[in-house]
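Just so it is clear: chains get the letters A, B, ... in the order the sequence lines come, proteins before strands, and each one is counted from 1.
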2 protein chains.
Amino acid sequence: MANKRPLILVTNDDGITAPGIRTLIEVMNTLGDVCVVAPDSPQSAMGHAITINDTLYCDAVEMLKDQSHSEYSCSGTPVDCVKLAVNEILKRKPDLCVSGVNHGSNSSINVIYSGTMSAAVEAGTLGIPSIGFSLLDYSLQANFEPSKKYIKSIAMQCLKNGLPKGVVLNVNIPKLSAKDIKGIKVCRQANAHWEENFDKRTNPLGRDYYWLTGEFVNEDKGEDTDEWALKNGFVSVVPVQFDLTAHHAIKDINSWDLK
Amino acid sequence: MANKRPLILVTNDDGITAPGIRTLIEVMNTLGDVCVVAPDSPQSAMGHAITINDTLYCDAVEMLKDQSHSEYSCSGTPVDCVKLAVNEILKRKPDLCVSGVNHGSNSSINVIYSGTMSAAVEAGTLGIPSIGFSLLDYSLQANFEPSKKYIKSIAMQCLKNGLPKGVVLNVNIPKLSAKDIKGIKVCRQANAHWEENFDKRTNPLGRDYYWLTGEFVNEDKGEDTDEWALKNGFVSVVPVQFDLTAHHAIKDINSWDLK
């Protein structure tokens, strides 16, 4: 009888040594055959960057003693990892790609900066059902325990139902104890943005430099957004698309005097 | 009387020394007061990457003798350039942000990898009307002359009409002589993807590495796409949004057994 266990590709943007990816691997090992291809160093906020003008190294590694799944450490970005995994490492197209668990939020506008979500989107462009998971806790000591139940439930449903063509999932999990998480809400991306505040400093050689800091500003009062769900104790699930066309704006622009 | 010339921010992803940005600066100087803040080195395919764990340098430079506009060279990504420009360099919010002219296509799915478009999107999130321009010619010797007329026309219309909230423009220009360009078409993003083909090599120390290559595959037969427009001699204009929510999929996912 053929092996019917699903093949699951695991990646992230915090790097192969981050605690978040260990949680994801642990849960996915209960659902299928796991292959990990993840960056060898932190790649947060890399967005959909790919390596086109440089070499890519990708080596099999054994992170745990007697691990039953395979792991590869890659010198590239999260998107590079997905491309390499699908084209060079895996023997067949995976049934699911999961990315994370990210240390920190990828809700609302953060989706466009997120290496975690870009890896999921890349797998989506290749026709692979795909989910990015994030926990709203930047700490390396974050407690991923309460997340496991939701990660498993959402991944199982995705394996069972598939996803609409051109859609991947952006899942964010509040930093709450298991008993305080109220459930799962399917949401839209809140309309929010970052207001930057650069910290200007002088280096030891006397040259000025900047350090990016900023404040997240959510002007969206809707109760159907990911921000609302997370603030109110729910796990948020946003279906994300990579057809970026603003179809509603085509008519507007067509009324311009373009020649 | 107050100065009524619009303030125009110019950036790109090929770096401040690329020929494409010189074309864009030249055209924008005919429309308003120009400030250039661009990467100090090529940043192609950087997507929406930002620099969060490192320093950012940004220095005034004089690229041309007696230049009338200001220019800054920045050590960061295209998105960093926009954030720095708006928050630290410009005295007021610009009336327009233009990015490019990119050397090479950013049509279809390329929009998600593109540093050029990510810079435009970033300005869009800050409420600035914004356009990314690309010429379908990777060569540093590309002929940008035929592009100028279209860049000017689209930028003028954008300054005059503004853009719908949450929308920026992705403009691609075919590699054709002026007489062979048939006009401008407002389009949707073609449904296409990249099929990768990694070139596996061995370095002088005996370690294997990969080099990313690939083939662009367009399975979209529509005649309302950017790919169709470009293949048929038109400049393509795609309105692009950064609300990535797949609104049509929310109902689907809500039917899942999530708990």
Side-chain angles (χ1 to χ4, degrees), chain A residues 42 44-53 55-58 80 83-84 87-88 109 111-113 118 121 125-126 153-154 157 161 164 166-167 183-184 186 188-189 191 193 196-198 207 209-212 237-247 249-250 252-254 256-259, chain B residues 42 44-53 55-58 80 83-84 87-88 109 111-113 118 121 125-126 153-154 157 161 164 166-167 183-184 186 188-189 191 193 196-198 207 209-212 237-247 249-250 252-254 256-259:
Chain A
S44 279
M46 278 305 278
H48 215 95
I50 52 175
T51 304
I52 51 175
N53 291 317
T55 55
L56 281 172
Y57 290 94
C58 190
D80 290 331
K83 287 183 183 288
L84 259 173
N87 289 282
E88 294 292 324
I109 194 67
V111 67
I112 68 174
Y113 304 100
S118 290
V121 165
T125 70
L126 302 172
S153 169
I154 295 166
Q157 286 293 310
N161 300 302
V167 172
I184 298 173
V186 186
R188 65 174 173 87
Q189 171 186 327
N191 178 19
H193 67 282
E196 266 68 46
N197 186 11
F198 285 91
R207 188 174 172 204
Y209 66 92
Y210 297 92
W211 211 289
L212 174 61
V237 178
V238 176
V240 163
Q241 61 190 1
F242 40 88
D243 173 4
L244 306 191
T245 312
H247 291 275
I250 289 180
D252 258 14
I253 316 295
N254 261 324
W256 287 10
D257 183 26
L258 291 173
K259 54 199 170 195
Chain B
S44 279
M46 278 305 279
H48 215 96
I50 51 175
T51 304
I52 52 173
N53 290 317
T55 55
L56 281 172
Y57 290 93
C58 190
D80 291 330
K83 287 183 183 287
L84 259 172
N87 288 281
E88 295 291 325
I109 195 68
V111 68
I112 68 173
Y113 305 98
S118 290
V121 165
T125 70
L126 303 171
S153 167
I154 295 166
Q157 287 293 310
N161 300 302
V167 172
I184 297 173
V186 186
R188 65 175 173 87
Q189 170 186 327
N191 178 20
H193 67 281
E196 266 68 46
N197 187 10
F198 286 91
R207 188 174 171 204
Y209 65 93
Y210 296 93
W211 211 289
L212 174 61
V237 178
V238 176
V240 163
Q241 61 191 359
F242 40 88
D243 173 4
L244 307 190
T245 312
H247 291 275
I250 288 180
D252 257 12
I253 316 294
N254 260 324
W256 287 10
D257 184 27
L258 290 173
K259 53 197 171 195

Tell me, for A/Val167 versus chain B, whether the close heavy atoms (under 4.5 Å) come from the side chain, the backbone, both or neither.
-> side chain

Between the main-chain N or O of A/Ile52 and the side-chain N or O of B/Trp211, is there a donor-acceptor pair closer than 3.5 Å?
-> yes

Contacting moiety of A/Glu88, where chain B heavy atoms sit under 4.5 Å = side chain

Mind checking side chain to side chain donor-acceptor pair (under 3.5 Å) for B/Thr51 and listing every partner two or more places apart, or none if nothing turns up?
-> B/Asp80

Highest number of heavy-atom pairs under 4.5 Å with chain B: which of A/Val238, A/Leu126, A/Thr55?
-> A/Thr55

Heavy-atom contact with chain A under 4.5 Å, split by part of B/Leu84 | both

Chain B contacts, top residue of A/Lys259, A/Gln241, A/Arg188 (heavy-atom pairs, under 4.5 Å) | A/Gln241

For residues B/Thr125 and A/His193, report the shortest heavy-atom separation together with the two atoms involved.
-> O-CB, 3.8 Å

Only counting residues at least two apart or in another chain, list the ones meeting side chain to side chain donor-acceptor pair (under 3.5 Å) with A/Asn161.
-> A/Gln157

Closest non-hydrogen atom pair between B/Phe198 and A/Leu56, with its separation = CE2-CD1, 3.8 Å

Would you say the side-chain atoms of A/Ser153 pair up with the backbone N or O of B/Leu258, donor to acceptor, closer than 3.5 Å?
-> no

Please name the pair of heavy atoms, one in B/Gln189 and one in A/Thr245, separated by the smallest distance, quoted to 0.1 Å.
-> N-OG1, 2.8 Å

Considering only heavy atoms and a distance below 4.5 Å, find which of B/Ile112, B/Ile109, B/Asn254 pairs most often with chain A.
-> B/Ile112

Separation between CD1 (A/Ile50) and CD (B/Glu196), nearest 0.5 Å, reads 7.5 Å

Which bit of A/Asp243 comes within less than 4.5 Å of chain B, counting heavy atoms only: side chain, backbone, both or neither?
-> both

Please state whether the rings of A/His48 and B/Tyr113 are parallel, tilted or perpendicular, taking 30° and 60° as the class boundaries.
-> perpendicular

Name the member of B/Asn191, B/Asn197, B/Ile184 that forms the most heavy-atom pairs with chain A at distances under 4.5 Å.
-> B/Ile184

For each of A/Leu212, A/Asn87, A/Val111, tally heavy-atom pairs with chain B at distances under 4.5 Å, and name the one with the top tally.
-> A/Asn87

Among A/Ile154, A/Ile253, A/Asp257, A/Asp252, the residue with the most heavy-atom pairs under 4.5 Å to chain B is A/Asp257

